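Order of appearance sets the numbers: ligands from 1, and atoms from 1 within every ligand. Bear in mind the structure is a predicted one, so any value in this text is a computation, not a measurement.
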Amino acid sequence: MTAKILDGKAIAQELRQLLRAARQALGPSEVRLASVEIGQNPAADVYVRNQRRAAADVGIEMEVCNLPLGTTEAQLVTAIQALNRRDEVAGIIVQRPLPIGIDPRNVQSAIDPHKDVEGMHPANMGSILYREPLLPPCTAAAAQHLIVSTGMDLRGAETVVVGHSEIVGKPIAVLLLHHLSTVTVCHVGTRNLSEHTRRADILVVAVGKAGLVHGDMVKPGACVVDVGINQGPDGRIVGDVHFPSTAPVAGWLTPVPGGVGPVTVAMLLRNTLRAAGAQV
Ligand code: NAP
């Protein structure tokens, strides 16, 4: 078997077409997304550039607020509160990683939940327990969208999520549970990882360790979604799933780059339009 590639770029392009129509339906007034960044981070800069390009493509104005290195948590929270008060700002995102000493939870909680387009405010995170919230966490929503796009029957499917972070692993597990798949979450305490991954019809890996999952850990025909983003030894970006050994085994596989990433950006724009619509 050779896996069908879940082409995130193509799927994101389809989504952006729908989003352009949703943007038009909001009328002529500007939809603004504010991105807050501390200092200069080349990796984040690339990400912001991609976000800005994708936002412009659907008619969302992106405003980048660069705060100087040395900005304290209190100063960052003050800057976020100022954005919360501006009516023309529909959505706010804070670029990560944040400098050491700044607690991402405090920062995320400072964003008005109605403008929290990354879906990471505790109110939005919590509301995913009640099925699809207005602003779901973007990466989890992207993974869900990619899996649903395969057309496979999720009801009763054995689903294994590797990684239990608050912003990725846990929300993915909850969203897939809503489809009545049988979800197992693996983490550092899991005794025998491959015992779990080998029985997964749907395998989502979100750890941040290059090549953690190899083809011999994958059930033939499984849908494998690789969320990880790592720098390989040659400097290239690679996922958590070893692509060459997994592609001959899996039924569907997301590439890295070009899989979950572009769909995550599309979900961010979808959330921004939803936030703008709700604020109107
Ligand atoms: P994170 O906060 O570091 O969480 C990693 C998770 O993996 C933790 O739950 C950790 O458990 C678990 N883990 C560590 N080693 C493990 C092992 N050997 N076996 C099983 N689980 C293990 O990272 P994250 O924010 O969730 O991100 C995960 C990856 O996704 C990163 O590569 C990140 O860059 C990428 N990412 C991609 C997108 C995208 O749009 N494509 C978006 C967000 C993140 P403990 O906490 O118990 O150590």
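Of the protein's heavy atoms, Ser165 CB, 3.4 Å lies nearest to atom 2 (O) of ligand 1. Scanning the protein for heavy atoms near atom 36 (N) of ligand 1, the closest one is Val227 O, 3.7 Å. The closest protein non-hydrogen atom to atom 40 (O) of ligand 1 is Thr264 OG1, 3.1 Å. From the protein, the heavy atom lying nearest to atom 12 (C) of ligand 1 is Gly163 CA, 4.0 Å. When only non-hydrogen protein atoms are considered, atom 29 (C) of ligand 1 lies nearest to Gly208 N, 3.7 Å. In this structure, atom 46 (O) of ligand 1 lies nearest to the protein heavy atom His164 NE2, 3.4 Å. For atom 5 (C) of ligand 1, the closest non-hydrogen atom of the protein is Val207 O, 3.3 Å. The protein non-hydrogen atom at the shortest distance from atom 48 (O) of ligand 1 is Val188 CG1, 3.6 Å.
A side-chain contact (heavy atoms from CB on, under 4.5 Å) with Ile92 is found for one member of Val117, Leu83, Leu33 and no other, namely Leu83. For the pairing with Ile147, the side-chain contact (heavy atoms from CB on, under 4.5 Å) check across Val225, Leu175, Ile172 returns one residue only, Val225.
Side chains of Pro137 and Glu118 form no contact here, defined as non-hydrogen atoms less than 4.5 Å apart. At least one side-chain heavy atom of Val183 sits less than 4.5 Å from a side-chain heavy atom of Val185.
The distance from ligand 1 to the heavy atoms of Gly261 drops below 4.0 Å at these ligand atoms: 40 (O), 41 (N). Atoms of ligand 1 lying under 4.0 Å from any heavy atom of His187, numbered from 1 in the order shown and given with element: 20 (C), 21 (N). Each of the atoms 41 (N) of ligand 1 lies under 4.0 Å from some heavy atom of Val260.
Inclusion of Ile229 in the set of residues having an N or O under 3.5 Å from an N or O of ligand 1 is warranted.
Residue-level proximity to ligand 1 for Lys209 is carried by the side chain, the only part with a heavy atom below 4.0 angstrom.
Within the 3.5 Å criterion, the main-chain N or O of Asp216 finds no donor-acceptor partner in the side chain of His214. Looking at Asp240, its side chain does come within 3.5 Å of a backbone N or O of Val207 through a donor-acceptor pair. Although no hydrogens or angles enter the test, the distance criterion places no donor-acceptor pair under 3.5 Å between the side chain of His179 and the main chain of Ser181.
Nearest heavy atom pair, residue Thr197 against residue Leu203, reads CG2-CD1, 3.8 Å.
Around atom 28 (C) of ligand 1, the closest heavy atom drawn from Gly8, Ala143, Ala206 belongs to Ala206. Across the listed options Thr190, Val168, Val225, Val168 owns the non-hydrogen atom lying nearest to atom 44 (C) of ligand 1. With Val205, Leu212, Val161 as candidates, the residue nearest to atom 17 (C) of ligand 1 on a non-hydrogen basis is Leu212. Summarising the contacts of atom 42 (C) of ligand 1 with Val185, Thr197, Thr139, Leu193, the nearest heavy atom is found in Thr139.
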Can Thr184 and Thr159 be said to form a side-chain contact (heavy atoms from CB on, under 4.5 Å), step by step? CA-CA 6 Å; Thr184 303; Thr159 297; over 6 Å; no

Could you please spell out the steps behind the side-chain contact (heavy atoms from CB on, under 4.5 Å) verdict for His114 and Asp116? CA-CA 6 Å; His114 301 98; Asp116 166 44; over 6 Å; no

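Not a single heavy atom of Gly169 lies less than 4.0 angstrom from ligand 1. Ligand 1 lies within reach of Val162, whose nearest heavy atom is under 4.0 Å from it.
In the displayed structure, Glu88 atom CD is contacted under 6.0 Å by more than 12 heavy atoms of other residues, nucleotides or ligands.
Using the six-membered ring where Trp is involved, His187 and His164 have ring planes that are tilted, between 30° and 60° apart.
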